[in-house]
Amino acid sequence: MTRETWATRIGFILAAVGSAVGLGNIWRFPWVTAENGGSAFLVVYLGIVLLVGVPGLLAEFVIGRRSNRSPAGALRSLSGSDAWGAWGLFYVGTAVALLSFYSVVGGWILRYFVESGLALAGTEPAYFASPGQYFGGVAAGFDAVGFHVLFLALTGIIVFAGVRRGIELGTKVMMPAVLVLLVALAGWAATQSGAAEAYAFYLRFDLSVIRQNFFGVLGPAAGQALFTLSLGAGTMVTYASYVGEDRSLAFDGTTIAVLNTLVGVLAGLVVFPLLFSLGISPGETGTGAGALFVGLAGAFSQLPGGTLIATAFFAVVALAALSSSISILEIPVAFLVDEYDVERRTAVAGVGALVVVTGSVCALDQSIFGFVAGTLVDVLLTAGLTAFLVFVGWVMGRDALEEFRAGAGEVATALSTPWLFAAGALLPVFLVFTLLTTFG
Ligand code: PHE
Ligand code: NA
């Protein structure tokens, strides 16, 4: 069977944006920014996105488009070495780990979306009464397992439908919806009483955190940059492997990084005014799950029209999460299809069955969930991207330059040699360094 390609250029860009824009932008980015000095952190973060994120993204793109294979096959066929091929299995493992926690959180989101939507008929969503206690139930036991399986099933259906009819079509619908809803929500949030105070808090230019502990900020900024751009897992290798034509990967990559950052900033412009208008201090809600499911859910319950706002908000998060989870599932599925000629539907069913189990473990055990979602994913992504960069710099070398330049404009072509040098030498050192600082 001939391997699929994207039908359109915008299709590839939207699929990659769909992968990048996800829970990372909404439940992590605004809080990390607010806690680390607002717009001062934003400057450091943008620097890292530009100097580490975009070159890393391009390394994955170059490997994928050059080989037309998902990571394992790509590394083996481009290097001719079985050792690199074996390292490729690492990405299959990363994908399973990622999806195991991502689909659990996706399940929680789905539940809040469904409950808010059903309540539009006039009643109040169940979580309005006592958000903290309610979330405790959602995040535990068979409730959590059930919605995890439901979210995974939705993910599987899209991936099963294929690259064009599933992923491309799906993200072409989902991503514009996410952007439009988010802009609308931000506009609405701007009219709330706490808006000015919220912006001042969120975007204040405060250098003190960075000055006090620069390396303490560098680690989270780098970790966030990798996670949010879907780097180090092989998603972007896999998506680029379906690019059938020469066009500027540098341009596409920059566009993807810009849109991803925009969504993160926008998410902050939605969540902070909501919290501030009700006098909830963002510090009180903590980050991550507490912020979203307890802090914000509580805010919705007190706002006029809160059910509608909650429905729109959880729709945004659910679509963003779904368009990311399909990109994670596609890694092992493409591996089985490419390397073992497994039928797509069998591959989806097989990987799906495995993640039903591994995800349920995460859903039922908080400490395993915390470990996988935190340390494990950070380490896997950093190690994974480091290996891709080393591969591009030391194994592909000139081939990588040629692939980078195919379809590139003047500016990108001029930057191709510095890019290769950074990929092969500077960035791996930087990434290993951030990994070491994270562990003391
Ligand atoms: N970028 C996604 C997010 O921000 C997460 C992700 C990581 C997706 C790695 C694919 C691969 O939520
Ligand atoms: Na993201």
Side-chain angles (χ1 to χ4, degrees), residues 14-33 45 48-49 53-54 56-57 59-61 64 70-71 90-109 151-152 155 158-159 167 170-171 174-175 178 182 220-240 253 256-268 287-289 292 316-335 351 355 372-374 376-385 388:
L14 285 179
V17 170
S19 171
V21 167
L23 296 170
N25 307 54
I26 298 167
W27 90 344
R28 216 170 135 184
F29 179 80
W31 276 271
V32 175
T33 305
Y45 171 79
I48 293 183
V49 165
V54 173
L57 187 56
E60 292 208 19
F61 281 177
S70 64
F90 173 87
Y91 299 98
V92 176
T94 299
V96 170
L98 264 174
L99 198 54
S100 301
F101 95 87
Y102 210 87
S103 149
V104 169
V105 182
W108 302 342
I109 303 273
F151 184 83
L152 194 61
T155 305
I158 299 176
V159 171
I167 299 172
T171 48
M174 291 193 269
M175 292 332 285
V178 164
L182 208 52
Q224 171 65 14
L226 259 55
F227 185 79
T228 192
L229 283 171
S230 307
L231 295 179
T235 282
M236 293 303 188
V237 170
T238 308
Y239 273 10
I256 292 158
V258 167
L259 283 172
N260 181 57
T261 303
L262 198 70
V263 170
V265 173
L266 266 175
T287 56
L292 223 58
V316 166
V317 190
L319 291 174
L322 190 59
S323 60
S324 295
S325 66
I326 57 178
S327 79
I328 305 173
L329 180 58
E330 181 62 19
I331 304 165
V333 167
F335 166 73
V351 178
V355 178
V372 175
L376 184 66
V377 162
D378 268 357
V379 172
L380 293 180
L381 295 185
T382 309
L385 184 61
F388 283 142

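Note that ligands are numbered from 1 as they come in the structure, with each ligand's atoms numbered from 1 the same way. Side chains included, hydrogens not; waters and symmetry mates left out as well; all remaining heavy atoms used.
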Report, in ascending order of atom number, the atoms of ligand 1 lying under 4.0 Å from any heavy atom of [X].
X	answer
T228	1 (N), 4 (O)
L23	3 (C), 12 (O)
S19	1 (N), 2 (C), 8 (C), 10 (C)
N25	4 (O)
Y102	2 (C), 3 (C), 5 (C), 12 (O)
S327	10 (C)

Could you see which bit of [X] sits under 4.0 Å from ligand 1, with heavy atoms only: side chain, backbone, both or neither?
X	result
L98	side chain
F227	both
S230	both

Which of I326, I328, V159 passes side-chain contact (heavy atoms from CB on, under 4.5 Å) with V333? It is V159

Any side-chain heavy-atom pair from [X] and [Y] closer than 4.5 angstrom?
X	Y	value
M174	L322	yes
V17	T171	no
T238	P71	yes
N25	F227	no

Kindly confirm or rule out an N or O of [X] lying under 3.5 angstrom from an N or O of ligand 1.
X	result
G24	yes
A20	yes
T235	no

After noting the C-alpha distance and the side-chain angles of L266 and F29, does the key distance pass the side chain to side chain contact (heavy atoms under 4.5 Å, CB included) rule?
CA-CA 10 Å; L266 266 175; F29 179 80; over 6 Å; no

Tell me yes or no: between the side chains of S19 and S230, is some donor less than 3.5 Å from an acceptor?
yes

Ring centres of F388 and Y91 under 6.0 Å apart?
yes

